[in-house]
Amino acid sequence: MLDVRLVRENPEVIRKDLAKRHAPDKAKLLDSVIQWDKEWRKALAEGDALKRRRNEITKEIAEAKKAGKDTDKLRKEAAALPKKIAALDLRIEELEGQVRDGLLRLPNLLHGSVPIGKDDSENVEVSRWGTPRTVDFELRPHGELLEALRLADFERARKIAGAGFVYLLGDLVRLDQALLSFALDYMVKQGFTAVFPPFLMRRAAYEGVVDLTDFENVMYKIDGEDLYLIATSEHPMGAMFMDEVIDVDRLPVTLTGLATQFRREIGAHGVDTKGLFRMHQFNKVEQFVFCRPEDSWTWHEKLRANGEAIYRALEIPYRVVNVCTGDIGTVAAKKYDIEAWFPRQQAYREVISCSNCTDYQARRLNIRAGKVGGEKFVPHTLNATAMATSRGLVAVLENFQNADGSVTVPKVLRPHLGGQDVIRGLPPR
RNA sequence: GCUGAGGUAGCGAAGCCCGGUCCAACGCGCCAGACUUGAGAUCUGGUGGGCUGCAAGGCCCUCGGGAGUUCGAAUCUCCCCCUCAGCGCCA
């Protein structure tokens with residue numbers, strides 16, 4: 001959420017930004033917000049004047065009564081006020097809601113380095129690491145491979161939960177845990193505090209971190225309860241300090257969340273749709289930072305570096321793209337995607353997303369930093385993936401597949417698999 | 001799920017029965033200033049949100065949320081939410 005004061009005092013800054021996004025409807029919305037805000041302040045001033053009069057009269061009545069004087073005249077004047085006040089309050093509330101809704105729908109201000117573009121095809125590659133491996137055999141689609149190795153059962157998962165769910169089996173379960181465990185250890189070594197958050201959140205908290213329209217699209221709701229399954233641990237970590245003042249001495253707060261996440265919207269595009277690439281349920285280690293505004297761009301690079309380091313350690317080639325205006329979404333001021341090389345798909349595909357949300361998310365969550373009783377400011381928040389399995393699993397399965405159908409375990413994961421260096425699957429039954 | 005006790009500012013805690021000196025006492029913490037070589041101690045002022053004003057300041061709102069009674073609600077009435085304790089159930 002943008003600062004109303006910016007809308008009031010410097011709307012040109014926002015207007016220029018919206019132009020970069022090619023968002024004429026948002027520009028129109030901005031004009032409306034400015035107008036609503038003006039009307040809101042006017043109504044507020046009128047309402048306050050009436051309330052002031054009411055407070056005065058109330059006091060006068062109290063004094064007159066104590067002095068034993070007649071209060072009828074005063075009461076008569078006072079009796080007329082509540083109706084007027086109530087009418088104005090209604091108007092004020094209405095306008096306030098409009099302003100807030102408008103602010104929520106206006107996107108964050110972009111960083112100057114965000115490339116202009118219409119969709120993900122115009123994201124700009126900023127770096128590339130590793131040499132895609134070439135093999136002299138045909139790589140099998142990972143879903144097919146897993147079924148052959150009996151390391152995953154999509155059929156039975158579909159039977160009991162529907163498409164988008166899977167039974168991981170045998171060594172694939174351990175590989176999944178190894179990826180998570182490796183990433184979590186890496187983050188902890190960087191000084192981040194590990195967090196295992198609630199997997200369910202109340203709507204009031206969720207509204208602070210998610211676009212209202214997303215509820216219907218991506219969130220699973222528990223029937224009959226005010227609880228939603230988390231779509232990423234970014235959400236419970238972001239909401240962790242909702243309505244709080246973080247002591248400035250505690251900044252930066254660096255967290256790394258481990259959680260299973262649930263998303264209704266999984267779509268389907270690209271080759272090898274069957275498999276782990278897009279699931280209703282998956283695991284993720286997440287990076288999350290609350291910091292001083294002046295430090296957030298340094299942190300943004302640091303989170304990206306963490307993501308890169310993890311994929312380098314796995315020896316999986318990747319590239320980093322600077323996500324363009326058409327693809328960046330509303331919350332981030334700048335976003336890098338790290339795209340791993342998927343040799344079967346012959347494509348770089350997103351495995352890590354790294355965003356600086358500046359003060360946009362924190363303001364909406366009503367998180368401030370500073371000293372209680374002293375000066376306060378809105379901290380910046382950043383989030384990035386460290387490791388998302390299933391996608392990380394797919395990357396390993398494609399990059400480390402052998403001609404005989406076995407899968408080599410990346411070196412850094414072996415300690416997490418009791419030294420095992422190859423996965424062969426369960427024996428056929 | 002049942003029963004009970006609660007929800008007051010960053011935290012602790014009074015006030016609620018008996019509506020108006022509550023623009024919420026007091027303590028701790030924190031912030032600013034004074035004193036000090038520095039720190040500490042001490043003293044003074046401040047301590048949430050908003051509107052208005054160049055500023056000094058002025059005003060409004062805020063006692064879990066909402067509705068009601070009233071000229072006036074932290075205080076009275078009703079509904080809801082949440083937390084804690086005990087019991088039940090349970091990995």
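Keep in mind that the numbers below use all heavy atoms, side chains included, and drop hydrogens, waters and symmetry copies. Just so we're on the same page: letters track the sequence lines, and every chain starts at 1.
- Between the P atoms of B/G64 and B/A14, the separation comes to 14 Å (whole Å).
- The CG atom of A/D89 sits 18 Å away from the P atom of B/G50 (whole-angstrom rounding).
- The phosphate of B/G48 has OP1 or OP2 within less than 4.0 Å of a side-chain N or O from A/K376.
- Atom name P, nucleotides B/A67 and B/A74: the rounded distance is 14 Å, in whole Å.
- Remark on RNA chain B: of its neighbouring residues A/D48 and A/L44, the 5'-side contact belongs to A/L44, judged by nearest-heavy-atom nucleotide.
- Here the two rings, on A/H142 and A/F277, have centers that are 6.0 Å apart or farther.
- In this model, the phosphate group of B/C61 is approached by a side-chain N or O of A/N55 to a distance below 4.0 Å at OP1 or OP2.
- Between the C1' atom of B/G72 and the CD1 atom of A/I57 lies a distance of 11 Å, rounded to the nearest Å.
- Rounded to whole Å, atom P of B/G49 lies 14 Å from atom CH2 of A/W40.
- Comparing the same atom, C1', in B/U47 and in B/G10 gives a spacing of 10 Å after rounding to whole Å.
- When the C1' atom is used for both B/G58 and B/C43, the distance is 30 Å, rounded to whole Å.
- The base-pairing partner of B/C71, taking Watson-Crick or G-U wobble contacts with both distances under 3.5 Å, is B/G20.
- We find that CD of A/E225 is positioned 14 Å from C1' of B/C81, with the value rounded to whole Å.
- Nucleotide B/C78 has B/G66 as its partner under the Watson-Crick or G-U criteria, with both atom distances under 3.5 Å.
- In this structure, CG of A/D226 is placed 10 Å from C1' of B/C81, rounded to the nearest angstrom.
- A 3.5 Å limit on both hydrogen-bonding distances identifies B/G12 as the Watson-Crick or G-U partner of B/C26.
- Here, B/G38 and B/G29 have their C1' atoms 23 Å apart, quoted to the whole Å.
- Inspection of the A/E286 and A/S233 side chains reveals no N or O donor paired with an N or O acceptor under 3.5 Å.
- Residue A/D37 is tested with A/Q98, A/R5, A/R8 for a side chain to side chain donor-acceptor pair (under 3.5 Å); the sole match is A/R8.
- As judged by a 4.0 angstrom heavy-atom cut-off over every strand, A/D247 is placed among residues making no nucleic acid contact.
- A salt bridge does not link A/E39 to A/K42: none of the charged side-chain nitrogens sits closer than 4.0 Å to a carboxylate oxygen.
- The side chain of A/R8 places an N or O atom within less than 4.0 Å of a non-bridging phosphate oxygen (OP1 or OP2) of B/C51.
- B/G10 atom C1' lies 11 Å from atom NZ of A/K371, rounded to whole Å.
- Here the C1' atom of nucleotide B/G48 and the CD atom of A/E244 are 15 Å apart, to the nearest Å.
- Looking at A/R174 and A/D171, a side-chain N of the basic residue comes within less than 4.0 Å of a carboxylate O on the acidic one, giving a salt bridge.
- If you measure from atom CG of A/D243 to atom P of B/G49, you get 12 Å, rounded to the nearest angstrom.
- Neither OP1 nor OP2 of B/C59 sits under 4.0 Å from any side-chain N or O of A/R54.
- On the P atoms, B/G4 is 22 Å away from B/U8, given to the nearest whole Å.
- Atom C1' of B/G49 sits at a distance of 14 Å from the matching atom of B/C63, rounded to the whole Å.
- Atom C1' of B/C71 sits at a distance of 34 Å from the matching atom of B/C82, rounded to the whole Å.
- Under 4.0 Å is where a charged nitrogen must lie from a carboxylate oxygen, and between A/E308 and A/R304 at least one such pair does.
- For A/W297 and A/H111, the gap between ring centers is short of 6.0 Å.
- Shown here, B/G86 forms a base pair with B/C2; the pair counts as Watson-Crick or G-U wobble because both key distances fall under 3.5 Å.
- Summary of the strand contacts: A/D37 and A/G47 both lie near RNA chain B, and taking for each the nucleotide with the nearest heavy atom, the more 5' one is attributed to A/D37.
- Pair assignment for B/G53: none, as no Watson-Crick or G-U wobble contacts are both less than 3.5 Å.
- B/U36 is unpaired under the Watson-Crick or G-U wobble criterion, no partner having all donor-acceptor distances under 3.5 Å.
- Nucleotide B/G45: paired with B/C31 (Watson-Crick or G-U wobble, both distances less than 3.5 Å).
- Checking the phosphate oxygens (OP1, OP2) of B/G49, a side-chain nitrogen or oxygen of A/R368 falls inside 4.0 Å.
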